Student: 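One structure, pasted below without further comment.
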Amino acid sequence: MSKRKVLELFYDVVSPYSWLGFEILLRYKNLWNVDIHLRPGFLGGIMQASGNSPPAMVPKRGSYMVKDLEKLSEFYQVPLRQPSDFFNVVIKKGSLLAMRFVTAVEISHPEFLESVSRELWLRIWSEDKDITEPDSILQAAKKAGMPENVAKKLLSTSTSPEVKNKLKETTDKALEYGVFGMPSIVAHINEKPELFFGSDRFELLAHRLGEKWLGPVPQNSKL
């Protein structure tokens with residue numbers, strides 16, 4: 001009996017491409033013989049440590065990205081919409097508190113990890129809403145189905161050493177794998193880790209896994 005392959009998804013809700021990678025992997029969870037491990041990390045830390053910079057900081061790449069996300073939203077069927085104040089929301093405010101909260105969820109209530117992550121993406125990348133204020137995070141948690149008392153408790157632990165250390169550990173682990181941006185998928189094939197960067201490497205990933213790529217919405221594919 002073959003061992004199930006493991007895919008680790010390193011992501012940050014500040015990254016729209018991470019949202020695409022997240023949704024596609026979860027759509028394929030039951031189609032491919034894989035276990036998916038969600039790894040919330042901090043993209044700011046990855047960028048700094050790897051010497052990378054956000055696409056929007058390169059003017060021509062930034063203007064391309066606006067049109068690219070519009071096309072990808074339709075193709076991937078994910079409701080992406082660029083924030084109206086992109087620089088302030090994405091570059092200046094960032095996602096540190098949000099990712100600490102997601103990490104606290106991962107530690108204490110992993111059953112909400114998928115839904116909380118998705119609701120934070122929806123806020124920043126679809127509804128043009130804040131993800132940095134405590135109330136904003138609590139609203140996302142509520143929409144994800146988390147009881148208010150649980151969400152408030154997790155928010156209060158978001159700045160604890162345990163949570164900060166866990167987020168740093170995940171970010172450092174990503175760097176060990178050679179990650180320089182997000183989303184990054186680390187596929188453990190034949191007990192060896194292989195890195196796939198971006199939300200446009202699924203055909204190659206499927207090939208390496210020995211699985212079929214049926215497009216971004218496999219449920220609509222005609223086998």
Side-chain angles (χ1 to χ4, degrees), residues 9-23 25-26 38-48 54-57 62 65-66 69-70 72-73 76-171 174 181-183 199:
L9 173 68
F10 292 91
Y11 69 93
D12 186 320
V13 298
V14 82
S15 160
Y17 295 99
S18 286
W19 189 12
L20 298 173
F22 170 90
E23 296 295 358
L25 272 189
L26 291 175
L38 299 177
R39 304 290 192 220
F42 182 47
L43 183 55
I46 294 286
M47 290 289 194
Q48 186 173 12
M57 299 310 287
M65 180 178 156
V66 176
L69 290 177
E70 286 177 7
L72 289 170
S73 175
Y76 283 73
Q77 293 187 25
V78 175
L80 273 172
R81 191 162 62 93
Q82 183 136 316
S84 54
D85 187 1
F86 177 89
F87 185 83
N88 191 46
V89 169
V90 176
I91 307 298
K92 198 172 178 184
K93 286 185 176 180
S95 61
L96 184 56
L97 181 57
M99 293 315 295
R100 282 176 178 168
F101 181 75
V102 174
T103 299
V105 172
E106 180 192 15
I107 293 169
S108 302
H109 287 276
E111 68 274 18
F112 287 109
L113 182 57
E114 178 184 328
S115 56
V116 165
S117 298
R118 181 177 290 112
E119 289 300 334
L120 286 166
W121 267 308
L122 279 164
R123 284 187 69 83
I124 184 174
W125 282 105
S126 189
E127 299 165 359
D128 200 9
K129 293 178 180 175
D130 174 75
I131 62 162
T132 62
E133 298 297 328
D135 282 349
S136 303
I137 291 170
L138 290 175
Q139 284 177 40
K142 183 180 179 180
K143 277 196 166 184
M146 183 180 287
E148 187 179 5
N149 63 317
V150 174
K152 285 183 174 178
K153 183 179 179 183
L154 290 179
L155 188 60
S156 71
T157 66
S158 293
T159 53
S160 69
E162 180 190 11
V163 170
K164 287 181 177 179
N165 290 337
K166 174 65 176 173
L167 182 58
K168 187 176 186 303
E169 280 171 21
T170 302
T171 304
M182 290 177 175
S199 56

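Position 1 is the first residue of the sequence; numbering continues from there. This structure is a prediction, so every number in the text was calculated from the model and none was measured.
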Student: Identify the heavy atoms of M99 and G41 that sit nearest to each other, and give their distance.
Tutor: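 In terms of heavy atoms, the two residues are closest at CE-O, 3.4 Å.
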Student: Atom CD in E114, atom CG in L38: separation rounded to 0.5 Å?
Tutor: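 These two atoms lie 7.0 Å from each other.
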Student: Quick one: do E162 and T157 satisfy side chain to side chain contact (heavy atoms under 4.5 Å, CB included)? Show the steps, please.
Tutor: CA-CA 8 Å; E162 180 190 11; T157 66; over 6 Å; no
Student: So do the side chains of V105 and P40 get within less than 4.5 Å of each other, counting heavy atoms only?
Tutor: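 V105 does not reach P40 side chain to side chain.
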Student: For the OG atom of S160 and the CD1 atom of I107, what is their distance to the nearest 0.5 Å?
Tutor: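 Spacing of OG (S160) from CD1 (I107) equals 6.5 Å.
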Student: Please name all residues satisfying salt bridge (charged side-chain N to carboxylate O under 4.0 Å, His left out) with E148, sequence neighbours left out, ordered by chain then number.
Tutor: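 Residues passing salt bridge (charged side-chain N to carboxylate O under 4.0 Å, His left out) with E148: K152.
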Student: Around atom CD of E127, are there more than 12 heavy atoms from other residues, nucleotides or ligands closer than 6.0 Å?
Tutor: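 Count over threshold, so yes.
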Student: Judged by atom type as modelled, is there a donor-acceptor pair below 3.5 Å linking the side chain of T171 to the main-chain atoms of F42?
Tutor: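 Judged by distance alone, yes, a pair lies under 3.5 Å.
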Student: Taking the six-membered ring for Trp and the full ring for Phe, Tyr or His, determine whether the centres of Y17 and W125 are under 6.0 Å apart.
Tutor: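 No - the distance between ring centres of Y17 and W125 does not fall below the 6.0 Å cut-off.
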Student: Check G21 against S199 and note the closest heavy-atom contact, atom names and distance.
Tutor: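 Shortest heavy-atom contact: N-CB, 3.9 Å.
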Student: For the atom pair OG1 (T103) and CZ (R39), what is the distance rounded to the nearest 0.5 Å?
Tutor: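 Result: 11.5 Å between the selected atoms.
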Student: With the threshold set at 4.0 Å, does a side-chain nitrogen-carboxylate oxygen contact exist between E70 and R81?
Tutor: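 A salt bridge is absent here (no side-chain N lies under 4.0 Å from a carboxylate O).
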Student: Determine yes or no for a side-chain-to-main-chain donor-acceptor pair under 3.5 angstrom, with S126 supplying the side chain and P79 the backbone.
Tutor: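 Yes; judged by distance alone, with no hydrogens or angles, the pair exists.
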Student: Which heavy atom in A98 sits nearest to a heavy atom in V13, and how many Å separate them?
Tutor: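 Residues A98 and V13, closest heavy atoms: CB-CG2, 4.2 Å.
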Student: So how far is it from L154 CG to I137 CD1, rounded to the nearest 0.5 Å?
Tutor: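 The distance works out to 11.0 Å.
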Student: Is the gap between the ring centers of W19 and Y76 under 6.0 Å?
Tutor: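 Aromatic pair excluded; centres sit 6.0 Å or further apart.
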Student: Does M146 reach the side chain of V116, with side-chain heavy atoms less than 4.5 Å apart?
Tutor: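 Yes; the side chains approach each other to less than 4.5 Å.
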Student: For S15, is there any backbone N or O sitting under 3.5 Å from a side-chain donor or acceptor partner on D12?
Tutor: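 No, because the side chain of D12 does not come within donor-acceptor range (under 3.5 Å) of the backbone of S15.
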Student: Mind listing the closest non-hydrogen atom pair of Y11 and M182 along with its distance?
Tutor: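 Heavy-atom minimum between the residues: C-SD, 3.3 Å.
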Student: Does S136 reach the main-chain N or O of I131 with its side chain, forming a donor-acceptor pair under 3.5 Å?
Tutor: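 Checked: no pair found.
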Student: When you compare the side chain of P183 with that of F22, does any pair of heavy atoms fall below 4.5 Å?
Tutor: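 No, every pair of side-chain atoms sits at 4.5 Å or beyond.
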Student: What I'd like to find out is whether the side chain of P83 reaches to under 4.5 Å of the side chain of K129, using heavy atoms alone.
Tutor: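 The answer is no; the side chains never approach within 4.5 Å.
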Student: Checking side-chain polar atoms at under 3.5 Å, does D128 have a donor or acceptor matched by the opposite partner on S84?
Tutor: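 Their side chains do contain a donor-acceptor pair, which is all the 3.5 Å distance test asks for.
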Student: Distance check, rounded to the nearest 0.5 Å: L80 atom CG versus I124 atom CD1?
Tutor: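 Result: 11.0 Å between the selected atoms.
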Student: Nearest 0.5 Å please: distance from the OG atom of S95 over to the CH2 atom of W121.
Tutor: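 Answer for the OG-CH2 pair, S95 versus W121, is 10.5 Å.
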Student: Assess whether a salt bridge exists between R123 and E119, defined as any Lys/Arg side-chain N lying under 4.0 Å from an Asp/Glu carboxylate O.
Tutor: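 Salt bridge absent between R123 and E119.
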Student: Do you know which two heavy atoms are closest between L97 and T132, and how far apart they sit?
Tutor: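 Closest approach of L97 to T132, heavy atoms only: CD2-O, 3.1 Å.
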Student: Measure across L155 and P134 and return the closest heavy-atom pair with its distance rounded to 0.1 Å.
Tutor: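 Answer, listing the atom of L155 first, then P134: CD2-CB, 3.6 Å.
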